[in-house]
Amino acid sequence: MTHFGKIKSYDSSVGTGSISPEGGGDTLRFKKADLQQEGQMPKVDQRYSYETSEVDGGKKSAINLQHQQSNEQSQAEQARNQQG
């Protein structure tokens, strides 16, 4: 099941971070390897979709994270593309 949340923190030197679920609940940890867009570093407050997996004795973590562009960003990009 796909969930949505915002990046709460990311430490590029360690390659781990945390995401806050939009629907509430505990913050989930994730690893760099769980990011689907390679070479893109997540930034605080960026919206991502993700799935959950249980690790370390039932503790949940976020996996398969994919950055979700906001409608405002998409509209701005479309306007730029139309202008040539």
List the steps and the verdict of side-chain contact (heavy atoms from CB on, under 4.5 Å) for E22 and R47.
CA-CA 9 Å; E22 282 183 357; R47 186 175 191 248; 2.5 Å; yes

If you apply the rule side-chain contact (heavy atoms from CB on, under 4.5 Å), what do you find for L35 with Q40, and how did you get there?
CA-CA 8 Å; L35 297 167; Q40 183 176 354; over 6 Å; no

Can Q36 and H67 be said to form a side-chain contact (heavy atoms from CB on, under 4.5 Å), step by step?
CA-CA 8 Å; Q36 297 301 303; H67 182 247; over 6 Å; no

In sequence, state the C-alpha distance, the side-chain angles, and the governing distance for Y50 and D34, and then conclude on side-chain contact (heavy atoms from CB on, under 4.5 Å).
CA-CA 9 Å; Y50 63 94; D34 293 315; over 6 Å; no

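For the atom pair OH (Y48) and CD1 (I19), the distance works out to 8.5 Å, reported to the nearest 0.5 Å. With rounding to the nearest 0.5 Å, the separation of OG in S18 from CG in L28 is 9.0 Å. For the atom pair CD of Q46 and CD of Q69, the computed distance is 9.5 Å after rounding to the nearest 0.5 Å.
No more than 12 heavy-atom neighbours from other residues, nucleotides or ligands sit within 6.0 angstrom of CG on D26.
Nearest heavy atoms, S9 versus V44: CA-CG2, 4.3 Å. Here the shortest heavy-atom pairing between Y10 and G15 reads OH-CA, 3.8 Å.
When hydrophobic clusters are built by joining Ile, Leu, Val, Met, Phe, Trp and Tyr residues whose side-chain heavy atoms come closer than 4.5 Å, directly or via intermediates, I63 is not grouped with F4.
Checked by atom type and distance alone, the side chain of Q68 pairs as donor or acceptor with a backbone atom of Q66 at under 3.5 Å.
Not a single salt bridge (Lys or Arg N to Asp or Glu O under 4.0 Å) links E51 to another residue, sequence neighbours left out.
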